[in-house]
Amino acid sequence: MTASIERFDQLDLQAPILEALAEIGYETPSPIQAACIPHLLAGHDILGEAQTGTGKTAAFALPALDRVDIGKRSPQVLVLAPTRELAIQVAEAFQRYASKMPGFHVLPIYGGQSMVVQLRQLQRGAHVVVGTPGRVMDHIERKSLNLDGLTTLVLDEADEMLRMGFIDDVEWILEHIPAERQTALFSATMPDAIRRVAHRYLREPKEVKIKAATATVSTIRQRFLQIAGAHKLDALTRILEVEDDFDAAIVFVRTKTATVELAEKLEARGYAAACLNGDMTQQLRERVIEQLKNKTLDIVVATDVAARGIDVPRVSHVINYDIPYDTEAYVHRIGRTGRAGRAGNAILFVAPRENHLLRQIERATRQPIELLKLPSREAVADKRVAAFQQQVSEVLESEDLSFFLDVIAGMEEKHDVSIHEIAAALAFLAQKDRPLQMPDTGRPDIAQLASGKPEPRAPREPRENRGQILERRRDFAEGKLARYRIDVGREHMASPKDIVGAIANEAGIESRFIGQINLFEDYSTVELPADLPNDVIQILRRARVRQQPLNIRLASPEEASRERGRPGPGGRGAPPKKPFRKEGFNRDAGNFNRDGGGFKPRKPKP
Ligand code: ADP
Ligand code: MG
């Protein structure tokens with residue numbers, strides 16, 4: 001009976017409800033709605049099971065509204081929901097669906113809200129009450145919630161209420177409301193405990209179960225990767241290389257410019273990639289989608305707007321290169337994969353400061369997002385080698401190699417080299433365009449940087465206590481210390497000691513005013529007071545370390561952000577080096593600048 005319902009007006013709902021739905025813009029009832037609404041309108045109890053995001057709210061709210069008598073002010077519908085947020089959400093949904101029903105009132109009640117306010121609102125009356133179990137119990141006991149006129153009870157997110165330990169409260173409520181009523185129980189899963197409650201309190205319920213395959217989200221494997229912006233491109237290409245079921249991807253970024261830039265970078269690395277953004281004509285956009293379908297392209301880098309509604313079944317991966325601003329965008333994005341019942345993958349890049357967004361998405365979709373483990377360089381190399389060996393085996397099996405065997409035999413004889421050596425040389429030639437080994441950049445492997453755990457730190461020198469470090473950080477943040485660049489680095493054989501010595505002696509800066517020193521290949525950075533007088537800077541410009549003029553100047557933001565010898569954003573790779581902390585540094589940090597007079601150098605030595 002449900003398969004034939006394609007429009008809401010095929011359901012026997014009152015005109016004001018249909019009007020409201022038209023205004024909201026729902027076109028077709030979702031499967032759970034098509035299956036449940038007729039039963040509920042006919043007065044049956046319902047046991048409904050469907051994934052999150054499948055439209056369960058409207059499945060019970062629309063028929064409930066249909067039965068509400070606006071003339072009666074006492075609650076006719078009670079919805080129990082597990083959390084305050086969900087109670088509010090459901091109440092808002094009722095309000096929207098009832099927007100063409102003048103005089104309609106829905107009231108959310110939940111713990112934490114002022115009792116006085118709630119009592120007043122309850123006295124004023126509401127047709128529908130949506131509440132958390134604890135607070136509803138409270139009101140029933142106080143007799144502030146009169147449920148004598150109740151006709152419909154809905155248990156929404158029943159498994160969640162079970163998980164949160166509300167099941168006893170729920171049963172208590174079920175026993176304290178009129179037995180003559182319609183009851184609907186909705187849940188994303190159907191654990192035994194919920195089934196038992198249903199058996200006990202529902203009368204011959206119609207069971208409706210919507211298979212997970214029709215709910216977009218559930219066929220999609222969701223993972224996240226903790227990764228700083230500077231490493232995203234490397235992480236993306238590594239993912240593209242190692243994901244076994246990779247076929248095609250849509251990569252989401254935040255801006256139109258970023259779509260162009262990233263698509264170009266991917267192309268430069270040999271991927272069939274193109275951008276898709278709102279600046280492109282409709283015709284161009286359609287061509288990109290067509291090319292993705294016919295495998296001319298494998299990767300489309302898109303903005304939210306441009307990718308809305310794309311339906312290309314071969315998209316195996318959605319990469320959230322930039323985290324979406326809200327959960328709704330996330331759901332829309334990942335819905336571009338896992339189409340037509342296929343499995344899909346959604347990978348979310350989370351920069352260190354975006355963790356709260358990750359948690360928000362997990363909470364709202366009520367789906368855990370697993371940590372993606374990025375394979376190490378070695379693992380990638382192993383994989384390439386295995387694929388290469390596989391290719392060679394296939395050629396051995398399927399090709400006629402007699403001509404080549406002669407060539408090699410001739411070479412073996414003429415040059416007196418072994419078959420092994422010849423084979424190795426050929427392997428070298430064959431992999432030149434796509435090397436089997438991962439180049440050692442001297443930088444830490446992004447697989448480690450993206451581990452999702454904080455990076456292991458170098459052991460802390462004992463003399464700096466936490467308070468001092470915080471103090472120094474604060475000073476740095478307040479601009480009391482600044483990072484300067486000097487043109488002397490490792491290649492000049494300079495040591496931190498040399499640098500401190502030169503600065504202290506030449507400019508007369510006490511060593512306690514000299515902060516962290518980071519040595520890089522051809523330069524270094526030094527933390528010094530931000531308010532260095534000009535004449536001191538002049539002296540330091542000419543000062544030398546290892547015959548090298550320091551040529552001191554304020555470090556650029558990139559240089560300043562390079563820490564501990566790691567490359568800064570866009571920085572060239574310097575080998576990871578342990579930071580240097582000068583002996584006794586900042587022992588007096590507490591006194592630094594306390595007089596507010598800024599930095600005062602001793603008289604420089606002549
Ligand atoms: P569930 O309770 O199953 O998790 P919701 O009822 O919260 O799902 O609905 C999820 C989203 O789908 C909401 O944004 C809702 O407005 C929207 N929605 C519900 N029914 C329809 C429909 N028939 N057409 C379009 N969108 C719908
Ligand atoms: Mg819901």
Side-chain angles (χ1 to χ4, degrees), residues 2-3 5-11 13 17-38 40 46-66 77 79-99 106 108 110 128 130-133 154-164 166 184-190 194 208-220 222 308-309 324 326-335 360-368:
T2 57
I5 296 176
E6 279 164 11
R7 298 188 319 268
F8 279 102
D9 60 14
Q10 290 172 277
L11 297 165
L13 293 163
I17 299 176
L18 294 176
E19 268 173 57
L21 291 175
E23 197 171 284
I24 295 166
Y26 291 178
E27 280 170 357
T28 32
S30 70
I32 187 95
Q33 292 162 4
C36 293
I37 293 174
L40 287 168
I46 280 275
L47 186 56
E49 180 180 349
Q51 285 279 312
T52 298
T54 48
K56 294 191 287 297
T57 317
F60 61 77
L62 301 179
L65 281 174
D66 194 78
V77 179
V79 181
L80 295 179
T83 64
R84 166 202 151 112
E85 284 75 24
L86 286 169
I88 294 173
Q89 216 170 288
V90 169
E92 283 172 354
F94 266 99
Q95 199 64 63
R96 283 204 299 159
Y97 301 144
S99 64
V106 55
Y110 43 82
V128 176
V130 187
T132 51
V154 180
L155 305 176
D156 191 20
E157 315 274 353
D159 55 351
E160 192 66 18
M161 291 201 278
L162 173 73
R163 195 160 43 235
M164 295 178 68
F166 292 147
L185 186 157
F186 285 92
S187 201
T189 59
M190 207 51 77
I194 297 296
V208 173
K209 178 171 175 170
I210 303 299
K211 277 203 214 69
T214 56
T216 15
V217 179
S218 63
T219 58
I220 301 169
Q222 299 181 61
R308 191 162 296 160
D326 58 32
T327 317
E328 204 165 321
Y330 177 80
V331 173
H332 280 302
R333 284 179 175 190
I334 72 170
Q360 199 175 307
I361 290 170
E362 273 191 314
R363 257 204 311 274
T365 60
R366 268 162 282 146
Q367 301 238 334

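Just so you know, ligand 1 is whichever comes first in the structure, and atom 1 is the first atom listed for that ligand. Atoms considered below: every heavy atom in the structure, side chains included; atoms not considered: hydrogens, waters and symmetry mates. This chain uses plain numbering: 1 for the first residue, then up along the sequence. A quick note: this is a predicted structure, and the numbers were derived from the prediction, not measured.
- The side-chain contact (heavy atoms from CB on, under 4.5 Å) test with Phe186 singles out one residue from Glu49, Glu157, Lys56, and that residue is Lys56.
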- Applying side chain to side chain contact (heavy atoms under 4.5 Å, CB included), run through Val90 and Asp156 and close with a yes or a no. CA-CA 9 Å; Val90 169; Asp156 191 20; 3.6 Å; yes

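- Taking distance alone, with nitrogen or oxygen atoms compared against 3.5 Å, Lys56 approaches ligand 1 more closely than that limit.
- Within ligand 1, the atoms closer than 4.0 Å to a non-hydrogen atom of Phe8 are 23 (N), numbered from 1 in the order shown.
- Side chains of Tyr97 and Glu92: a donor-acceptor N/O pair is absent below 3.5 angstrom, by distance only.
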- Decide yes or no on side chain to side chain contact (heavy atoms under 4.5 Å, CB included) for Phe60 and Ile46, but give the supporting numbers first. CA-CA 9 Å; Phe60 61 77; Ile46 280 275; over 6 Å; no

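- Not a single heavy atom of Ala50 sits under 4.0 Å from any atom of ligand 1.
- The shortest N/O to N/O separation between Gln33 and ligand 1 falls below 3.5 Å.
- Within ligand 1, counting atoms from 1 as listed, the ones closer than 4.0 Å to a heavy atom of Ser30 are 23 (N).
- In this structure, the side chain of Glu23 does not engage the main chain of Ala20 through any donor-acceptor pair within 3.5 Å.
- Counting heavy atoms under 4.0 Å from ligand 1, residue Phe60 does not touch it at all.
- For ligand 1, the polar-atom distance check finds an N/O of Gly55 within less than 3.5 Å of one of the ligand's N/O atoms.
- In this structure a side-chain-to-backbone donor-acceptor pair under 3.5 Å is missing from Ser187 to Met190.
- Note on Glu157: its N/O/S atom closest to the Mg ion (ligand 2) is OE2.
- Within ligand 1, counting atoms from 1 as listed, the ones closer than 4.0 Å to a heavy atom of Thr57 are 2 (O), 5 (P), 6 (O), 7 (O).
- At a heavy-atom cutoff of 4.0 Å, ligand 1 is contacted by no atom of Glu92, backbone or side chain.
- Between Tyr110 and Val130 there is no side-chain heavy-atom pair separated by less than 4.5 Å.
- Per-residue contacts place Arg96 under 4.0 angstrom from the following atoms of ligand 1 (heavy atoms of the residue considered): 16 (O).
- In this structure, Leu62 and Gln33 have side chains that are not in contact, with every pair of non-hydrogen atoms separated by 4.5 Å or more.
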